[in-house]
Colleague: 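I have a structure I would like to understand better, so I am pasting it below and will then ask my questions one at a time.
Atoms considered below: every heavy atom in the structure, side chains included; atoms not considered: hydrogens, waters and symmetry mates. Each chain gets a letter, A, B and so on, in the order the sequences are listed, and its residues count up from 1.
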Amino acid sequence: MSDISEKLLKPYNPKETEDNIYKLWEESDFFNPDTCIAKGVTAPDAETFSMVLPPPNVTGNLHTGHALMLVIEDIMARYARMQGKRTLWLPGTDHAAIATQSKVEKMLEKDKIRKADLGREEFLKKVEAYATESHDTIVTQCKKMGVSLDWSREAFTLDEKRTFAVRTAFKKMYDEDLIYRGHRIVNWDPKGQTVISDDEIVYEERKSTFYTFRYGPFEIGTARPETKFGDKYVVMHPEDPRYLEWNHGDKITVEWINGPIEATILKDEVIDMQFGTGVMTITPWHSHEDFALAEKYKLDKEQIIDKHTKLLPIAGEFAGMKINDAREKIVQKLKDKGLLVSVDEKYINRVATAERTGGVVEPQIMEQWFIDVNKKIPSRENKSLKELMLEAVGSKSVKIIPERFEKEYFHWINNLRDWCISRQIWYGHRIPVWYKGNEMYCDVNPPKEAGWEQDPDTLDTWFSSGLWTFSTLGWPEETEDFKTYHPTTILETGHDIIFFWVARMILMSKYLLGDIPFKTVYMHGMVRTADGKKMSKSLGDKAIDPLDIIEKYGNDALRLAMIVGNTPGNDLKLNENDIRGYAKFANKIWNASRFVFENIKGLDFDNLPAFDKEDASSDEDLKEFIKEITKEMNEFRYSLVSEKIYHYFWHTFADILIERSKKKIQEGQNADSAKALLYTHLVTLLKILHPFMPFITEEIWSMMPKKKNLLMVERWPVLK
RNA sequence: GCGCGGUUAGCUCAGUUGGUAGAGCAAUCCGUUUACACCGGAAAGGUCGGGGGUUCAAGUCCCUCACCGCGCACCA
C-alpha cells in the first residue's frame, strides 16, 4: 500500500497506468463470459447481453470514427457486465474486398508493379500479407482504446469458418432461386475494373458542358455526345403539342455523326416536356433509364463503350479512342456538319463515381450475379426479401435509435433494386459456382470430377458482412454460442452504413434464420474536426489520430470528450479543449480519491459507522441519483449520464461532501459518519464512472481496502 | 423535386410525457484555507433562426419562411 500511496501523491498519469490496467483485465480473462461464469462473477443463468463489433476494414489504421464506436460499445458492454449480465462483445475484422485490394494496388503502383503481371495467386499473397499487417495494427490499437472485447472469439470475414458460412448462405439462396445470374444493366467502375452495387456509388456535382444538336427535324440535348453513335430511337412526350405531327413508331432518316441513320420515334410519359427541347435520344447500353425504356419497347441495345472506356467500332473513325479524348472531336465533327445548335458550359451534372476508387461509373449491360429482392419465398411464408426487411423494422422487432433512421430505412427498401453481388476483383469470397460447358454447379465444395472451372468473380464484401451476427457465433453449425447469443442484443454502428450493412444483416438473418439479427440498432454520428470537416481518409494526415490524443491526455479523457454532448445520430465535433478539460477531471477524481484514502484509515469496513442526519440525507441523494441515471443508462442516454456523473462527482462529492467532511474530521464531530460517507460514496461513484472511464477507476479501485475483485466485474449499484 | 436533421450563452453542445433556460470551454472579479492551481468562491452572459397558431403556460406541439447539413430521385 505504501508504494501505491506514493503514486497517488503525484498528479494522475494515464501513461503509467493504462497499459498495465489493460494487461490486468486481459489476464483476468473477464472479457470472456465463460470465464465470468467459471469464476462466479456471472450467474450461469444470467440474462444475456451480446453485441458484435462492426468489423474494421483491414486497410490500415484506426481513426476517430472507430474510436467513437469503440467507446460507445465499450460503455454498453461494461455496463451490461456490471449489471451481472452474461456479456459477450465479439471482435473481428473485415476483409473489405474492394477497399483492401485497391489499397494494395496503389502501393504496388509505386513500385511500378501491376496486378496482372503478378497473376491472381501472387497478387493475393501480397493482399493477404497487407491484410495481416493491418489486422495486427488494428487489434493493438483497439486494445489501447481499452475495449473489453472477448478476443478468444475473434473472427475475420474471410477466415475458414466465415467462408463456410458464406458458401452455405449462397447455396441456400441459389437453390431457392433468390440468387440468379443474368444480363442486366450494372454500374461498371472502369478504374477498379469491377461492377459495384447501387449503394457503392457516390454522386458528385460537376460542372459540364451541355450540347444541343440537330437530329433530323428535332433538337436533342446531351452532356455526353460520345455515347450517341448508336442512338436510333428518339423519344418525346405523347402530349407535347410541339410534336403532335409525329406518331409513335414513325421512322425517319436523319443525318448523324457518321452519316445517315434510320431513327424510330417513340412516345412515352417518362419525358419531361419542360427539360430542354422535350426530345431525347436513348442509349440503352449505357444508361439505366434508357435501358428501362428499351426493355419496355423491346428495342435494340448496342454497346458503344468498352470496359476501358474506349469507343467500339460503331464509333467509326473514333473507334479505339478514350471517351474523354473523343468528346471534343465528336462535337467538332457535328459542328462542321452544321448539326451543333448550342453549347451551355454552365450545366451542373451529377456524376456517379465509385465510392472506393473514385472512378466515373459507366453503366454497362453485363452478365452478373444478383440477389432477387422481390421474389416470393415459399419457405418464408411467400414473403420477398424486401417484405422481410420491412417487416423486421415495421413490427418494431428491430428498433432503430434514433427513430428517424427508420424512415430512411423504409425509403431505401421501397426503392431497392436487385442487389448485384458479383465483383471482378480477386480479393474476397470466390463465387461457389463451377462451370463445365453449359453446365453450372453450385455447392459449398467444388465438384469432385475434373473439368469444372470456378467462376472467377468474388462476392460483394457486404454479402459476408450481412452474415456477421451469426457467422461469428459458428453458424451454420448449431453451436452453444449461437443458441446463447443470437439474436444479439444490440448493434451499435455509424449511420452511414445503415444500408450497406444494417439492412443487409436484417435481410440475411430474416431469410437464413427466420429471425432478426439484433433487437436494437444504435446509430452514432460522424466524427468531425473542430472546424466541422468530416474526419475521413480524405483528410489524410490532417485527421486527428485517437492514439495521439491518448498519448497526450489519456484514454479516459478522450472517452468523455466523445460521450458528453454526443447524442445518437448526430455528428460530433472533436475538440481538443474538451479533451483537456476531461483530463483535468481525471486528475480531480485522482486527488479526491487520495483525500478519501488518507482519511478513512482505521475505519472498520465490515461494520461501518452509522451516518449522522446530514450524511444520511446525502446518502439518500446519491441513491436517488443512481436511480435516475440507471434509468437513463437503460435508455442509452450516455451523453446525459456522463455529464451528470461528472457534475455529481465534482460539484457534489468533491465540492460539498469532501469539504464538509474536512470540518467534521478536524473537529472530531461526527468524524466517523463523515469517513463512512466518503468511503461509501467513493465506492459507488467509481462503479458508475467505470463504464465511462475504465482505466482510472480500475486503478483507484486497486488501492481500495476490502476489494474482492476487479472493478470491471463489480456490480452496478442496484436499489430496491 | 421528395424526405430528414440542425439553427439554444463568445465557442462546442445538452435539454423525452409543454410548467418562468443548462453544462463544458473562453472571458470577468475575488481567493494560494495542505486532496487537487489540472484548485476554490462570486458574478456576468440567451427576445432558445424569423413570422404566425394551439394553450392558463411552448426551446419543447402545429403551420410557414430563411439559412446550413444530409439522404433519395431526376438530369435527354
Colleague: Could you tell me how far B/G22 sits from B/G15 if I compare only their C1' atoms? Round to whole Å.
Modeller: 7 Å
Colleague: Give me the distances for all protein-to-nucleotides 1-10 of chain B N/O pairs that come in under 3.5 Å?
Modeller:
none

Colleague: Just the rounded figure in Å: distance from P of B/A35 to CZ of A/Phe653.
Modeller: 13 Å
Colleague: Taking ring-ring contact (aromatic ring centres under 6.0 Å, His included) as the definition, give me every residue that meets it alongside A/Phe500, ordered by chain and number, with sequence neighbours left out.
Modeller: A/Trp462
Colleague: Could you please name the option among B/A35, B/C75, B/C72 that lies closest to any side-chain atom of A/Ala654?
Modeller: B/A35
Colleague: Check ring-ring contact (aromatic ring centres under 6.0 Å, His included) between A/Trp701 and all other residues, then give those that pass, not counting sequence neighbours.
Modeller: none
Colleague: Can you list every pair that meets salt bridge (Lys or Arg N to Asp or Glu O under 4.0 Å) and has a residue in residues 220-230 of chain A, with sequence neighbours left out?
Modeller: A/Arg224-A/Glu226, A/Arg224-A/Glu362, A/Glu226-A/Arg327, A/Lys228-A/Asp231
Colleague: Below 3.5 Å between N/O atoms, which protein atoms pair up with nucleotides 37-42 of chain B? Just atom names and distances, please.
Modeller:
| residue | atom | partner | partner atom | Å |
| --- | --- | --- | --- | --- |
| B/C39 | O3' | A/Lys588 | NZ | 3.2 |
| B/G40 | OP1 | A/Lys588 | NZ | 3.3 |
| B/G40 | OP1 | A/Trp650 | NE1 | 2.3 |

Colleague: Extract from the structure each pairing of a protein N or O with an N or O of nucleotides 16-19 of chain B at less than 3.5 Å, listing the distance.
Modeller:
| residue | atom | partner | partner atom | Å |
| --- | --- | --- | --- | --- |
| B/U16 | O4 | A/Arg637 | NE | 2.8 |
| B/U16 | O4 | A/Arg637 | NH2 | 3.4 |

Colleague: In whole Å, measure the gap between the C1' atoms of B/G40 and B/C4 for me.
Modeller: 46 Å
Colleague: Using the ring-ring contact (aromatic ring centres under 6.0 Å, His included) criterion, which residues pair with A/His411? Sequence neighbours excluded.
Modeller: none
Colleague: In whole Å, what separates the C1' atom of B/C48 from that of B/C13?
Modeller: 13 Å
Colleague: Would you say the side chains of A/Asp578 and A/Tyr553 form a donor-acceptor pair under 3.5 Å?
Modeller: no
Colleague: Identify, residue by residue, the members of residues 278-302 of chain A with a heavy atom below 4.0 Å from RNA chain B, and return them in order of residue number, or none.
Modeller: A/Val279, A/Met280, A/Glu289
Colleague: RNA chain B in dot-bracket, Watson-Crick or G-U pairs under 3.5 Å, [ ] crossing, | other strand?
Modeller: (((((((..((((........))))..((((.......))))......(((((.......))))))))))))....
Colleague: Could you name each residue pair satisfying salt bridge (Lys or Arg N to Asp or Glu O under 4.0 Å) that touches residues 266-288 of chain A, not counting sequence neighbours?
Modeller: A/Asp268-A/Lys296
Colleague: Between B/A35, B/C74, B/A23, which nucleotide has the shortest distance from any of its atoms to the side chain of A/Lys662?
Modeller: B/A35
Colleague: Taking all non-hydrogen atoms of both residues, which atom of A/Gly65 and which atom of A/His524 are closest, and how far apart?
Modeller: O-NE2, 4.5 Å
Colleague: Who passes ring-ring contact (aromatic ring centres under 6.0 Å, His included) against A/Tyr679, sequence neighbours left out?
Modeller: A/Phe605
Colleague: Kindly state each residue pair satisfying ring pair (Phe, Tyr, Trp, His ring centres under 6.0 Å) with at least one member in residues 651-673 of chain A, sequence neighbours excluded.
Modeller: A/His647-A/His651, A/Phe649-A/Phe653, A/Phe653-A/His681
